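Notes follow the structure.
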Amino acid sequence: ASEIAPTTLQDGLEARGFAVERLNTYTTRPVRDPGGEQLAAMESAQVATFGSPSAVMAWAAHANARPLCACMGSTTEKAAEAVGFGRVFTPMEPGVEGWAEATAAAVASVLRDHEESGVGAA
């Protein structure tokens, strides 16, 4: 787990009598300054992908743009919706494979929108 992850699963298992040893295997750190080039890319992106709520929060803290987005799961989806992402693609079951499919669906949606409007994809 991440150091900032809630203890919901751990608590639930312990309440059912399981012995749980939590291992914080990574740490999420805030993005301090994405820099001009990266910020420009964020502002012009047509699709963003997020694997965690903290990634959504980092985006929202630095960019005004809210393009279509693909989220790994429903927790990340809720975070994206809470900060104003209007079109969010999320798999039925969280995971990398579903996230890739959601990303492909978001990109396909952008391409369809461009095709229908007669605008070339950037």
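Source: prediction; values computed, not measured. All values below were derived from every heavy atom in this structure, side-chain atoms included, with hydrogens, water molecules and symmetry-related copies excluded.
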ask   = Side chains of S109 and L68: does their closest heavy-atom pair fall under 4.5 Å?
value = yes
Approximate separation, where rounding is to 0.5 Å, of M92 CE and S74 OG = 10.5 Å
request  = Evaluate the side-chain proximity of R66 to V83: yes if any heavy-atom separation is below 4.5 Å, no if none is.
outcome  = yes
message = Keeping T103 on the side-chain end and W99 on the backbone end, is there a donor-acceptor pair under 3.5 Å?
response = yes
key: Separation between CE of M42 and CD of E37, rounded to the nearest 0.5 Å   = 13.0 Å
message = Closer than 3.5 angstrom, by distance alone: can the side chain of S44 be matched with the main-chain N or O of A40 as a donor-acceptor pair?
response = yes
ask   = CG of L13 to OG1 of T8: how many Å apart, nearest 0.5 Å?
value = 11.0 Å
ask   = Quick one: CG on L39 to CG on N64, what's the gap to the nearest 0.5 Å?
value = 8.5 Å
H114-Q46 side chain donor-acceptor pair, cut-off 3.5 Å = yes
ask   = Where do A80 and V88 come nearest, in terms of heavy atoms and distance?
value = CB-CG2, 4.2 Å
key: Note: D113-R87 ion pair, threshold 4.0 Å (strictly below)   = yes
key: Side-chain heavy atoms of V47 within contact of P67, under 4.5 Å   = no
query = Same hydrophobic cluster for V107 and F89, using side-chain heavy-atom links shorter than 4.5 Å among ILVMFWY?
reply = yes
remark   = dist E14:CD -> R22:CZ (nearest 0.5 Å) comes out at 10.5 Å
inquiry  = For the OG atom of S117 and the CZ atom of R112, what is their distance to the nearest 0.5 Å?
reply    = 12.5 Å
ask   = Minimum heavy-atom separation for M57 to A79, with atom names?
value = CE-CB, 3.7 Å
note = Shortest non-hydrogen pair, T76 vs P53, comes out as OG1-CD, 3.4 Å
ask   = When you measure from the side chain of H62 to the backbone N and O of V31, does any donor-acceptor pair fall under 3.5 Å?
value = yes
ask   = Hey, are the side chains of E77 and F50 touching, using non-hydrogen atoms and a 4.5 Å cut-off?
value = no
task = Output yes when a side-chain donor or acceptor of E3 lies under 3.5 Å from a complementary backbone atom of Y26, and no otherwise.
result = no
